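Reading through the structure tokens given below for one structure.
Quantities reported herein were computed from a predicted structural model and do not represent experimental measurements.
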Amino acid sequence: MSADPDRSLARIEVADLLRLAALASNAEAELFGRNPDRSGRYAGRLLGRALCQGAALHYVNGKNGVKDFDVWSFYAQYDDWPFPARWRGTRDFGPSKFGRWPGDPPRYSGRRVDLLGRSLPAAPGTDPADAIRRYLNAGRTDSAKYLAAKAVVLINPRNRAGEAVWPAISRPSR
């Protein structure tokens, strides 16, 4: 059980993962529309999206609890322009079984969703789990080290939503 009583212990279902994927997709479409010559170049180069960190660990072990949702989008990198590593979006998951973290601003009616992205040295069409594992195993960035410390679960491609990428274990049945 989570030591933090404000963390939700509600089970994360595949439908919840797909909602997170849609929130991330919409936020990135807005980003790409505002910056068509920079980040917008990454439209169509998505390798995969993943739920990461504490919420992903909760999906895997059912014990960590959910404070917020961290969703990372991984793109096939262009040689001349990486995805903007400093980009960070946020969305509201909205009212749900997960409730609301009391430390968030009042504008969030549900759990906060933090959205981040990275470009990886991989060709379009590369298996997303393989590309993400290579990134985490290399541990060349602080982000890779932070992500590797907990868990990573695919939420996109849709047909692989719920697949644990890191650690490379299957989700226990509950």
Side-chain angles (χ1 to χ4, degrees), residues 1-12 16-25 27-28 31 39 42 45-78 81-93 98 100-105 108 110-122 126-157 160-172:
M1 290 295 198
S2 171
D4 183 348
D6 293 326
R7 287 180 179 266
S8 171
L9 293 173
R11 183 174 181 186
I12 301 171
D16 302 316
L17 299 177
L18 296 176
R19 175 164 170 65
L20 291 167
L23 289 169
S25 177
E28 290 162 17
L31 171 70
S39 56
Y42 279 91
R45 293 183 69 88
L46 181 70
L47 296 169
R49 284 193 182 88
L51 177 63
C52 299
Q53 299 181 290
L57 187 58
H58 181 68
Y59 182 83
V60 170
N61 71 15
K63 298 175 186 174
N64 190 70
V66 176
K67 175 184 168 190
D68 61 6
F69 295 102
D70 296 297
V71 174
W72 287 68
S73 296
F74 298 97
Y75 290 90
Q77 185 169 314
Y78 281 110
W81 188 266
F83 186 87
R86 293 182 183 259
W87 177 74
R88 181 177 179 262
T90 58
R91 288 293 186 267
D92 184 355
F93 193 83
F98 302 109
R100 182 185 175 283
W101 189 64
D104 277 336
Y108 294 99
R111 297 284 163 168
R112 187 182 70 246
V113 181
D114 292 329
L115 307 167
L116 302 106
R118 286 295 180 278
S119 50
L120 303 180
T126 298
D127 180 86
D130 291 343
I132 294 167
R133 282 187 196 109
R134 280 194 303 272
Y135 170 67
L136 298 177
N137 275 320
R140 292 187 184 118
T141 66
D142 287 342
S143 295
K145 291 172 190 167
Y146 291 130
L147 295 179
K150 295 206 177 163
V152 177
V153 175
L154 285 178
I155 63 174
N156 183 283
R160 293 177 68 182
E163 180 181 324
V165 171
W166 190 270
I169 58 172
S170 61
R171 180 180 182 196

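Between the CG atom in Leu120 and the CZ atom in Arg134 there is a gap of 8.5 Å [rounded to 0.5 Å]. Between the CZ atom of Arg49 and the CG atom of Leu17 there is a distance of 13.0 Å, given to the nearest 0.5 Å. With values rounded to the nearest 0.5 angstrom, Asp114 atom CG is found 4.0 Å from Arg88 atom CZ. Considering OG of Ser8 and NE2 of His58, their distance stands at 6.0 Å, rounded to 0.5 Å. For the atom pair Asn156 CG and Ser25 OG, the distance stands at 7.5 Å (nearest 0.5 Å). A distance of 13.0 Å separates CD in Glu163 from CD1 in Ile155, rounded to the nearest 0.5 Å.
Panel note: side chain Asp92, backbone Gly110; a donor-acceptor pair is recorded below 3.5 Å. Under the 3.5 Å distance criterion, the side-chain polar atoms of Ser119 are left unmatched by any main-chain donor or acceptor of Gln77. Side chain of Asp68 to backbone of Arg112: no donor-acceptor contact under 3.5 angstrom is found. The closest donor-acceptor contact from the side chain of Arg45 to the backbone of Ala76 lies under 3.5 Å. Proximity of a side-chain donor or acceptor of Arg111 to a complementary backbone N or O of Val66 within less than 3.5 Å is detected.
In this structure, the ring of Tyr42 has its center less than 6.0 angstrom from the ring center of Tyr78.
Considering every non-hydrogen atom in both Gly65 and Leu9, the closest pair reads CA-CD2, 3.7 Å. Heavy atoms only, all atoms of each residue included: Leu147 and Cys52 are closest at CD2-CB, 3.6 Å. The two residues Ala148 and Leu136 have their closest heavy-atom pair at N-CD2, 4.0 Å. Nearest heavy atoms, Leu46 versus Ser73: CD1-CB, 4.0 Å. Across all their heavy atoms, Ala164 and Pro167 have their closest contact at CB-O, 4.0 Å. Contact record, Pro128 with Pro157: CG-CD, 3.8 Å, taken as the closest heavy-atom pair.
Taking 4.0 Å as the cut-off between side-chain N and carboxylate O, Arg133 and Asp130 count as a salt-bridged pair. Ionic pairing of Asp6 and Lys67 is not present here: no N-O contact between side-chain nitrogen and carboxylate oxygen is shorter than 4.0 angstrom.
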Show the numbers, then the answer: is there a side-chain contact (heavy atoms from CB on, under 4.5 Å) between Ile132 and Leu154? CA-CA 10 Å; Ile132 294 167; Leu154 285 178; 4.0 Å; yes
Verdict with supporting geometry, Trp166 and Asn137, side-chain contact (heavy atoms from CB on, under 4.5 Å): CA-CA 10 Å; Trp166 190 270; Asn137 275 320; 3.2 Å; yes
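Contact annotation: the side chain of Ile12 approaches that of Phe98 to within less than 4.5 Å [non-hydrogen atoms, C-beta and beyond].
Geometrically, Arg118 does not engage Tyr135 in a cation-pi contact, judged by NZ or CZ lying under 6.0 Å from the ring centre and within 45° of the ring axis. A cation-pi contact, defined as under 6.0 Å to the ring centre and within 45° of the axis, is absent between Arg100 and Tyr108.
Using bins of under 30°, 30° to 60° and over 60° for the plane-to-plane angle, the ring pair Phe74/Trp72 lands in the parallel bin.
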